[in-house]
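Presented below is the structure to which this report refers.
Note: hydrogens, waters and symmetry copies are ignored here, and every other heavy atom, side chains too, is used. Note that the structure is predicted; figures quoted are calculated from it, not measured.
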Amino acid sequence: MVLVCFVIDLRSLPPQLLRDVKQSLLEVANFYAISSESESLRDKIGLCYVFRNRISSSDELKIAYSPSPRGNFDLRDFHHAVNHLPTDSFLPEIDDPGADLKLSYILSDQVLYSWGVDKDIVRKVIVLSSCFPQYVDSHLQKSLMDAADKCVSVEFLLFEQKSGHLTDTLQNVSNFLRSISDLDNCSLQTYLPNVRVLHGLVKQWIEDLKDDMEKPLQARFLFKTSLVGSMNQISCNLYVSVNKIVDGFSPCQTCRCHGMLLEDGIRNRIHGYSCSVTGHGLETCNVIENSVKVGEKTLLFLPSFQSSMKFQRIASIDFHVIERINLGSLSEGSIMGDSYFVIPSACHEVEAASDDIDQSELNAQVFQGLCSALHSLDQGLVCSSNCNIETMREVAFHCYYILQPSDNGPMLLRHLAGSEEVSRVPDLNRCILSSITEEIQDSIQASLSTIELKDYDPMLHERGFHQKLNMLVKESLQFGSIPPKFEEAPSEPKLTQLDSSEEMVQSTSRLHVELTEEESSKLDMIEEDKMGTHIAEEWEQLVVNEVPKIFSPVCISKPKLDQSVLSPSSGNRQLDVKTSRILERLEVPRQLKTKAVSSINTGSGIMDTCVPMKKPLIPSQYIDTTDQGSITSQLMKPNFQRLKRKHK
């Protein structure tokens, strides 16, 4: 955790520079308010300023904003403190405006050391001024040394001025730098006072404040051949080039007692409002309706807030062309998100210049002419929109896009990062200590010449998705699928009150599937009187005359015959001779019959009529579904062959 204290020397900052510095401080606070994804947004920013009291003619220090040791960052109070910094404290006539920066008082238990109580906190003081004293006195020298022992770093930022009264600035800076050169916790940086420089400083300061700031990703680039000597790799750190920000601010409801968010809106509307701190019920008058949520942990209370800021999903987007740029000036690091091909479409709203030209054809010709003109100029079009193309929703801020042409093909639309989203470019000068020698340069050129040079073709850079998935499916087929488990059918099925005809159909269907061999024998004995007379005639009509034929292995038909004709013959049964002979010829072998019946019983407790049954694939135990279906559902056709007499 890093606690940053800004010290502004108002005596040395001109009004324009002071306005820019104040705007930069507000941007730091805004970025910090939306940056936290943790449970709380710790208060880690302090603000002090030094000014000359015109009555006493003495330099004084004021604390504009002090962070609470246990509280959360208050965006409203910090904005209030920055906006109310004195604007009339600039002293152009003073000979030595940086004579006393009051750092000894800031680096004390009364100010800096009282702001943080955590043991692992790291404190940092940033002094912004246009002039520093020539020498560091003994008192300040001791305070800086004590700060080094407490791991407090002090950065002096000097904004160069060209005014005539600051002609001795360079000499003062040289002497001041010599005075702090022995202190490892102190540093001095000089900057030009412009907006771009301050924008880079804002990015640097917000990186210091963010707790979730990740360390750079370490990477290596490996080469097939050596670059220099035996070295065939380079080690690097990877930094993100773009940090996306929120698309808008969401309206919310808060309680008046604590100002806390009422998160569960649906529950609040049904059961009434309740405070998230005490849990007590709230009346409507104790609920602040006009609140807005900034980021995840920052709430602002407003006199009114329009609900129209809710992000609506849209079906089409309008891009407004605002400028034309040279594509050579476009940095690839400012491009984020997906890229989209742009081709002409049928447009019925375009009025044709001539009746002989179709509107769609004219739209296509204009598109192709624009693409050709931009490509010949090597230029692109920057567009703005109120929609985020990645989320297809309206946003509260502008979104910028670049339309890039191609040679006789579609154009390309890419999302550009705004100034708030562009990350700070890492300082490369700290990594490079000396210039490249000619020997190293020649060795690298020789190594690069060994790498094959081609035009990029995405068809030659396959990621291997299909090969990997095909291999997994192949391995799965070799292993085999596990048969699905079904719930066992209840032994005593519950009967509902239905019509008598429906009950008979359902009971008969269950008997055709679930009856075991013993239950089938008992059923045969019960129905023996009904079937004894007509069974011979029906079998002759069914088997001998081949009427009707049963082909479906899944659909369970309901013939006039019951399953008793398929059960094995019993000694207790008295059938005529003709029926016995037919049954003997149609008798299914016991093993196959048992296997077929068990497969039906385990397949499902109750088989619905005409429902296709998919058999699981088990390579280790192959089952011929065709034969099985014929066994379980088709009757075997009798084959009456005459016995041939053997010739003696």
Side-chain angles (χ1 to χ4, degrees), residues 1-6 22-47 64-85 115-116 118 121 202-214 243-265 268 273 275-278 282 286-311 388 391 393-398 418-421 423:
M1 177 179 175
V2 179
L3 189 150
V4 179
C5 176
F6 293 97
K22 291 170 63 175
Q23 179 61 32
S24 299
L25 293 175
L26 295 179
E27 292 178 1
V28 171
N30 295 339
F31 279 130
Y32 182 61
I34 64 174
S35 64
S36 178
E37 297 180 357
S38 59
E39 296 181 357
S40 61
L41 187 65
R42 300 291 298 273
D43 205 355
K44 302 186 301 182
I45 304 178
L47 178 61
Y65 182 86
S66 59
S68 175
R70 296 293 185 183
N72 294 335
F73 176 67
D74 195 326
L75 183 63
R76 293 175 65 254
D77 290 350
F78 189 84
H79 271 249
H80 179 78
V82 173
N83 291 327
H84 286 79
L85 289 176
W115 287 350
D118 296 341
I121 191 172
V202 169
K203 300 294 184 179
Q204 180 180 347
W205 295 336
I206 196 61
E207 289 179 1
D208 295 336
L209 289 170
K210 290 172 62 176
D211 281 336
D212 56 350
M213 181 65 187
E214 298 181 356
N243 286 318
K244 296 182 180 181
I245 62 173
V246 296
D247 286 333
F249 311 120
S250 303
C252 60
Q253 296 173 328
T254 56
C255 61
R256 291 186 182 274
C257 51
H258 298 86
M260 300 299 294
L261 177 66
L262 304 179
E263 297 181 354
D264 197 349
N268 292 331
Y273 298 100
C275 178
S276 58
V277 178
T278 62
L282 299 175
N286 295 325
V287 177
I288 303 177
E289 298 283 349
N290 301 322
S291 301
V292 60
K293 186 177 180 181
V294 180
E296 295 296 330
K297 302 299 177 183
T298 303
L299 298 176
L300 296 178
F301 312 110
L302 306 176
S304 64
F305 189 77
Q306 299 179 0
S307 60
S308 60
M309 293 189 67
K310 294 182 179 179
F311 311 136
N388 188 339
T391 60
R393 292 184 179 276
E394 293 181 350
V395 295
F397 323 120
H398 293 292
S419 61
E420 302 93 337
E421 297 171 311
S423 299

[X] side, atom [atom1]; [Y] side, atom [atom2] - distance, nearest 0.5 Å:
X	Y	atom1	atom2	value
L25	L85	CG	CG	7.5 Å
S35	N30	OG	CG	11.0 Å
D74	D43	CG	CG	7.5 Å
N388	D247	CG	CG	4.5 Å

Can you sort out the partners of [X] under side chain to side chain donor-acceptor pair (under 3.5 Å), two or more places apart, ordered by chain and number?
X	value
H398	none
S419	none
K244	E390

Quick one: are [X] and [Y] in side-chain contact, heavy atoms under 4.5 Å?
X	Y	answer
L300	R76	yes
Y65	F73	yes
F31	V202	yes

Q.
Looking at K203 and E420, would you say the former's side chain and the latter's main chain have a donor-acceptor pair under 3.5 Å?
A.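 Indeed, once roles are kept as given, a pair shorter than 3.5 Å links the two residues.
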
Q: Can you spot which of L3, I45, N72 makes a side chain to side chain contact (heavy atoms under 4.5 Å, CB included) with P67?
A: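 Per the side chain to side chain contact (heavy atoms under 4.5 Å, CB included) rule, the option paired with P67 is L3, out of L3, I45, N72.
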
Q) Under the criterion side chain to side chain contact (heavy atoms under 4.5 Å, CB included), which of L209, V28, L47, I206 is the partner of V4? A)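 Passing option: L209.
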
